[in-house]
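Proteins get letters first, then strands, A, B, ... in listed order; numbering begins at 1 in each.
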2 protein chains.
Amino acid sequence: MGWKMAHDDQGCPGCEAPDLAFSRHDHGHCQADALGRAEVLIAARGLRMTPVRQRVLEILLETHRAVGAYVVLDRLAAEGFGNQPPVVYRALDFLEEQGLAHRIRRLNAFTACMHPGEAHAPSFLICRSCDLVAEAPAKAVRGALEAVALMVGFTVEGSNIEAMGQCADCRGRAA
Amino acid sequence: MGWKMAHDDQGCPGCEAPDLAFSRHDHGHCQADALGRAEVLIAARGLRMTPVRQRVLEILLETHRAVGAYVVLDRLAAEGFGNQPPVVYRALDFLEEQGLAHRIRRLNAFTACMHPGEAHAPSFLICRSCDLVAEAPAKAVRGALEAVALMVGFTVEGSNIEAMGQCADCRGRAA
DNA sequence: GGTATAGTTGTAATAGTATAACATGGTCAA
DNA sequence: TTGACCATGTTATACTATTACAACTATACC
């Protein structure tokens, strides 16, 4: 295979690399790993990974790009699921609440979480050329944000941190 | 007046306070200051602060909340401007490009920039109770984000950093 | 097993946000 | 005053998201 392995067999630490989306990797493993983790997590919480939810997650996991709700909906409809917006939005909301997917507000689209289960307040790097979306560790970023908030007595309950720009490959190609 | 003055006469440093939106202040000065700066800035850049643009900025400056495009549009229409979406979106795009307004992606709405002209990559604190939006200094936040990006060779060209939560006042009232 | 319950999905209708494309009109400089 | 450029007006449409209600399914409890 032409892929550079970005992981080993235990816990897929490579999948926590901030540049996962931008680097060649065994995406099949990437998908399977995330999906497996998701199922375990949902079961552990006493919730149900229904067919619609699982299928939506699978669709999101196909790519490291953000996918619009209506693109997912069309896929679902073609496969015999309901073809009205609530079908997909409910699944997406569920996945987001459970930390299995993230909403990329800048794109009005969604992307699968690449390391579900780990407590994380992610930030995203969105390449304007190839549209890949990398989920970067945002511990430092989130810390800085909370520091500012603390100064004014503001309690941060949730945040969205997104950077638009260009990934290394695309910048190289452009130059 | 019942307002605590949050500024002095030269440059309105108070208007750079991260908690401006959340603290009582002379909002009239706040507005006038931002508007004045905006006009100077636009002129200096050889651009035109047209009636529509100015009116949109004024409307955004009325409150420290984010305002939806269609709310602005209704106001414009009631005042004799065009009543079609492009009218307001063009003005908002212009203001955003010039750093005079910011898009709050989490709310699909817009807010006036409180210290135009200063180079800044703002972050926003959005109170879920009172809907006030504070523009907080994001130098540290932006720095952290760029540090992460640098690690993977990603070039940050723009960012949106928004925190949803509760301001000090609202938290106090809730307790 | 039967049945109440909560949760999930299906469906219809509608609300809200944003852009493309083209026509019109104003401003400024040569 | 003509031409170029920019801004605005207008029509139409695309895209994103939610409300409300009906039907169904799994589960737990009796």
What's the closest nucleotide to the side chain of [X] if the choices are [options]?
X         : options                  : result
Arg48(A)  : dT27(C), dT8(C), dT10(D) : dT8(C)
Thr50(B)  : dA7(D), dA12(D), dT11(C) : dA7(D)
Pro86(B)  : dA20(C), dT9(C), dT16(D) : dA20(C)
Arg103(B) : dT10(D), dT9(C), dT19(C) : dT19(C)
Val52(A)  : dT9(C), dA18(C), dG9(D)  : dT9(C)
Pro85(A)  : dT11(D), dG7(C), dA17(D) : dA17(D)

To the nearest Å, how far apart are [X] [atom1] and [N] [atom2]?
X         : N       : atom1 : atom2 : answer
Leu47(B)  : dC6(D)  : CG    : P     : 10 Å
Leu76(A)  : dG10(C) : CG    : C1'   : 13 Å
Leu73(B)  : dG9(D)  : CG    : P     : 11 Å
Gln84(A)  : dA15(C) : CD    : P     : 16 Å
Asp93(A)  : dT8(C)  : CG    : P     : 12 Å
Leu107(B) : dT16(D) : CG    : P     : 19 Å
Asp74(A)  : dA17(D) : CG    : P     : 14 Å
Asn83(A)  : dT11(C) : CG    : C1'   : 9 Å

**Rounded distance (nearest 0.5 Å) linking atom CG of Leu125(B) with atom CG of Leu132(B)** = 11.0 Å
**Asked** With respect to Leu92(A), which candidate in Val67(A), Leu73(A), Val87(A), Leu60(A) satisfies the side-chain contact (heavy atoms from CB on, under 4.5 Å) definition?
**Response**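 Exactly one option meets the side-chain contact (heavy atoms from CB on, under 4.5 Å) with Leu92(A), and it is Leu60(A).
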**Under-3.5 Å donor-acceptor pair between Arg90(A) side chain and dG10(C) base** = yes
**Prompt:** What about Tyr70(A), does its side chain sit under 3.5 Å from the base of dA17(D) through a donor-acceptor pair?
**Reply:** yes
**Request:** Output every pair passing side chain to side chain donor-acceptor pair (under 3.5 Å) with a member in residues 42-51 of chain B, not counting sequence neighbours, ordered by first then second residue.
**Result:**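 Side chain to side chain donor-acceptor pair (under 3.5 Å) check on residues 42-51 of chain B returns Arg45(B)-Gln98(B).
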**Request:** Give a yes-or-no answer on whether the side chains of Asn160(A) and Arg106(B) include a donor-acceptor pair shorter than 3.5 Å.
**Result:** yes
**Message:** Is the distance from the ring center of His27(A) to that of His25(A) below 6.0 Å?
**Reply:** yes
**Prompt:** Does Tyr89(B) put a side-chain nitrogen or oxygen below 4.0 Å from OP1 or OP2 of dT19(C)?
**Reply:** no
